[in-house]
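One structure is given here, and the rest of the page talks about it.
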Amino acid sequence: MDKQTISVKEAAAYMGISKDLVYQLVRENKMPHLRLSRRILFRKEALNQWLTIQEALSIQQNTKDY
């Protein structure tokens, strides 16, 4: 059975960013996450959707800059 959630370390590696940045985004509620007691977990599906939205927003912003 595949895991349904991944840890902060796994999410950072999955997205190619630092754990510190993941913690910052979670602290600022800018990234989808789950809190179970003291653990912070992520669903890959939610991260993929969030990344797609962030990419679209970035493209939209870059288009406005020209």
Side-chain angles (χ1 to χ4, degrees):
M1 180 166 99
D2 290 333
K3 292 185 349 180
Q4 296 296 310
T5 59
I6 60 176
S7 67
V8 169
K9 181 179 179 180
E10 292 168 322
Y14 181 68
M15 295 188 299
I17 61 176
S18 70
K19 288 190 320 184
D20 289 339
L21 182 54
V22 172
Y23 281 119
Q24 178 185 342
L25 292 169
V26 166
R27 200 170 34 253
E28 295 172 356
N29 262 340
K30 293 184 176 179
M31 173 180 210
H33 63 281
L34 307 162
R35 281 194 184 267
L36 296 176
S37 187
R38 296 183 61 196
R39 292 195 52 148
I40 300 169
L41 300 171
F42 306 89
R43 289 185 310 118
K44 276 188 178 180
E45 178 183 312
L47 289 179
N48 287 335
Q49 290 174 353
W50 179 75
L51 288 169
T52 299
I53 291 167
Q54 297 308 305
E55 182 179 36
L57 290 172
S58 177
I59 291 169
Q60 184 180 29
Q61 184 62 40
N62 288 338
T63 303
K64 287 181 183 178
D65 291 342
Y66 290 112

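Everything numeric here is computed off the predicted structure, so don't read it as measured data.
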Close side-chain approach of [X] to [Y], heavy-atom, < 4.5 Å:
X	Y	answer
V26	R35	yes
Y23	V8	yes
T5	L34	yes
L47	I6	yes
M15	L51	yes

*What is the minimum heavy-atom distance between P32 and A46, and which atoms define it?*
CG-O, 3.8 Å
*side-chain hydrogen bond (donor to acceptor under 3.5 Å, both in side chains) between T52 and E55: does it pass, once the steps are laid out?*
CA-CA 5 Å; T52 299; E55 182 179 36; 5.3 Å; no
_CD1-CE distance between I40 and M31, expressed to the nearest 0.5 angstrom_ = 10.0 Å
*Rounded distance [0.5 Å steps], CG in D2 versus NZ in K44*: 8.5 Å
_With a 3.5 Å distance limit and no angle check, can you tell me whether E10 reaches the backbone of S7 through a side-chain donor-acceptor pair?_
yes
_Side-chain (W50) to main-chain (K30) donor-acceptor, under 3.5 angstrom_ = yes
*asked:* Between Y14 and N48, does the side-chain contact (heavy atoms from CB on, under 4.5 Å) criterion hold? Intermediate values first, please.
replied: CA-CA 10 Å; Y14 181 68; N48 287 335; 2.6 Å; yes
_Exceeds 12 heavy-atom contacts within 6.0 angstrom, atom CD of Q4_ = no
